[in-house]
Amino acid sequence: MEEERKDKFLAPENEIRQVAAPDGSIIEVDPLEDYFTQERPKPYKVRKGPVENFLNWARAESLWVLGFGTGCGSIEIPPLVTPRYDMFRFGVQMRATPRQSNVFIISGYLSVKTLKRVIRTYEQMPSPKYVMGLGSCTINGGMYFDSYNTINRLDHYLPVDVYIAGCMPRPEALLAGFAKLKELIKEGKGHKANEYVENFDWYKDNQKKVINDWNMPDYNW
Amino acid sequence: MDYSIQKFLWTLLGLFIVLNWGFLMGSTMRRIGARLAGRVGVPIYQPWIDMIKMISLRTYLSHGVLYYIGPVFRLVGGIGMFLFMPVLVGSEIWSNYSFSGDLILLLYFQSFGMLGMALGASESGSPNATIGISRGLAQFAAVEVPMTLAVIAIAIQHHTFSFSEILDAQQGGFMNWTLFTNPLASIAGMLAMLGAMSHSPFNLVKAPNEIPIGPPTEYHSSFLSVLRTNSAIIHVVEAALFMNLFFGGADTWFMYIIKTFFVYFISVFIGMVFPRFKIEDSVRWFLKWPTVIGIIAVLVAAYWK
């Protein structure tokens, strides 16, 4: 079933195509095979002890945020870099690329179309990584609970570390969310990325249930 | 202990000091920028925490051999600049591995890291990296012109390509600094410095928020920590290069820290005031005034020698 769906909706850039090499020979390129890994993710080993506690402290004090405006909630992120809220004090910094960020703020509402991009981005981030659901829409759908095009519960699709309730939550609530996330990391509970990997099939099933045009590779790292 | 081993250990100690001073200087400048915007800014120890965090990440991915080598080349460029430049004037143990003609090698090392990084970053396959590289190489080609003209003018003035001799000629009061004995070359060189530091308005290579972060877009974890290490070293060493050329060098570590801070601060200060150039404007700018001043400096130096 999934194979059919994948074939049916394959994006043009992912189709098998013929490419001429510099020496004139023709090579067949299958982007899904050649450009993306087919290997399933593996959980990393969670260590314990004073060294790991120290590393957890460093991870908590240096949160690099991927600003991803998925819905109206993202308007609450820019005030964090203004003099009034100034998140840099707490070691929270914005990064422009998923490869370098640890915290993924997903601000509701989250439409199905955006969920695809969110999954691709989440999977590109190096572990340990943390997800913050911002706004009621990520918890239970909020005011979009019966919309045909938004998801209701984010933790069916990605493991979420911290939820920030509200519609809209104020920037102070976001700062409180960062403080809570720091607490969790320092206690050694910031390994939800492993949870995603261990329950990979369940998450993929849920994702593919809502995303009808799955025209991307199954794994995106 | 053997003299060469002793010398090696002193050089390593110098590198350690320069690295940590680079981190401290970076966070200090960020705090100054934050105060300008009315914020508090990052804690002063943030760069060290970031380093530990980056090294402690648990998943890695690679894009090939050159992807690994890119950051290493970049670091070699930074460390190479440190190794072949005297740190303190007239000090034997702090002269590192400087020799007659080290100035030419230093100019080479300046571009070496950039070229290595260009190889590594293009291997990552990110289009943002490619845009950053093409911009970086175009801008660096333009920056090299006034910088080389300034260096040639100074070399003609002092009849040498050796750093120690140029430094010795500048001793005995600030009126002996190249800044005052050869102001035209200094102006050309300091304008080129703005480009070499790649701070705003010439931060086209990384261009935060425009091409996400340029060449290092795909770099993460330990790769990024190597790049961060290099940027800490190279900011200090670049500042030291211009300090040695135009501001009479330093005879104590205290003076070294003060002078590199202010040389670096010039570029940060200008960066606070001016927004980013477009690449064509940047290249045109470097090939206009700094180059003209550099040519005049060479002509004047050649005429007065």
Side-chain angles (χ1 to χ4, degrees), chain A residues 34-37 39 41-47 51-64 66-67 78 80-103 123-129 185 190-191 193-194 196-197 219-221, chain B residues 23 26-27 30-64 67 121 124-129 131-132 206-225 227-228:
Chain A
D34 299 345
Y35 297 160
F36 298 94
T37 176
E39 200 182 337
K42 294 186 197 75
Y44 59 88
K45 199 178 161 211
V46 179
R47 301 194 183 91
V51 176
E52 191 65 14
N53 289 346
F54 173 67
L55 294 182
N56 277 337
W57 172 80
R59 284 171 190 145
E61 291 301 319
S62 160
L63 296 173
W64 289 6
L66 183 65
L80 291 176
V81 298
T82 58
R84 188 165 181 138
Y85 301 107
D86 189 18
M87 64 178 180
F88 295 100
R89 298 176 282 169
F90 308 114
V92 183
Q93 301 170 57
M94 301 299 274
R95 297 308 284 183
T97 147
R99 294 282 190 223
Q100 298 177 4
S101 19
N102 315 106
V103 184
E123 291 181 350
Q124 283 180 35
M125 288 162 61
S127 308
K129 49 192 166 188
I185 298 171
H191 297 291
N194 266 352
Y196 183 70
V197 172
Y219 321 117
N220 295 291
W221 37 80
Chain B
F23 281 144
S27 57
R30 288 186 64 185
R31 278 180 82 85
I32 292 173
R35 291 295 158 86
L36 203 67
R39 292 186 286 113
V40 178
V42 293
I44 207 97
Y45 48 84
Q46 190 68 43
W48 286 277
I49 301 183
D50 286 349
M51 288 292 287
I52 298 167
K53 196 278 304 274
M54 281 185 275
I55 294 167
S56 69
L57 288 180
R58 290 285 181 242
T59 49
Y60 308 87
L61 94 168
S62 162
H63 289 283
Y67 180 76
S124 74
S126 168
N128 295 315
I131 296 172
K206 288 192 176 174
N209 302 337
E210 185 188 342
I211 42 171
I213 196 151
T217 299
E218 280 285 310
Y219 282 102
H220 57 283
S221 64
S222 304
F223 304 110
L224 191 62
S225 71
L227 291 176
R228 282 287 180 107

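Hydrogens, waters and symmetry mates are skipped; everything else that's a heavy atom, side chains included, is used. Protein chains get the first letters and strands the later ones, always in sequence-line order, with residue 1 at the start of each.
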Do you know which of A/M94, A/M125, A/M87, A/E52 has the most heavy-atom pairs with chain B at a distance under 4.5 angstrom? A/E52
May I ask you to name which of A/A193, A/S101, A/P83 has the most heavy-atom pairs under 4.5 Å with chain B? A/P83
Between [X] and chain B, which part of the residue has a heavy atom less than 4.5 Å away: side chain, backbone, both or neither?
X: A/N56; answer: neither
X: A/R84; answer: neither
X: A/T82; answer: backbone
X: A/V92; answer: neither
X: A/F90; answer: neither

[X] portion near chain A, given a 4.5 angstrom heavy-atom threshold:
X: B/E218; result: both
X: B/I49; result: both
X: B/R30; result: side chain

Quick check: does any side chain N or O of A/D86 sit under 3.5 Å from a backbone N or O of B/R39, one acting as donor and the other as acceptor? no
Can you tell me if A/Q100 uses its side chain to pair, donor with acceptor, with the backbone of B/L224 under 3.5 Å? no
For the NZ atom of B/K53 and the CH2 atom of A/W64, what is their distance to the nearest 0.5 Å? 5.0 Å
Roughly how far, to the nearest 0.5 Å, is the OG1 atom of B/T59 from the NZ atom of A/K42? 11.5 Å
Taking every heavy-atom pair that is under 4.5 Å apart, which of [options] has the most such pairs with chain A?
options: B/N128, B/L57, B/I55, B/I52; value: B/L57
options: B/Q46, B/M51, B/H220; value: B/Q46
options: B/A37, B/A34, B/G41; value: B/G41

Using a 4.5 Å cut-off on heavy atoms from C-beta on, say whether the side chain of B/R58 contacts that of A/R47. yes
Quick one: are A/R95 and B/I213 in side-chain contact, heavy atoms under 4.5 Å? yes
All heavy atoms of A/P128 vs all of B/S56, minimum pair found to be CD-O, 4.4 Å
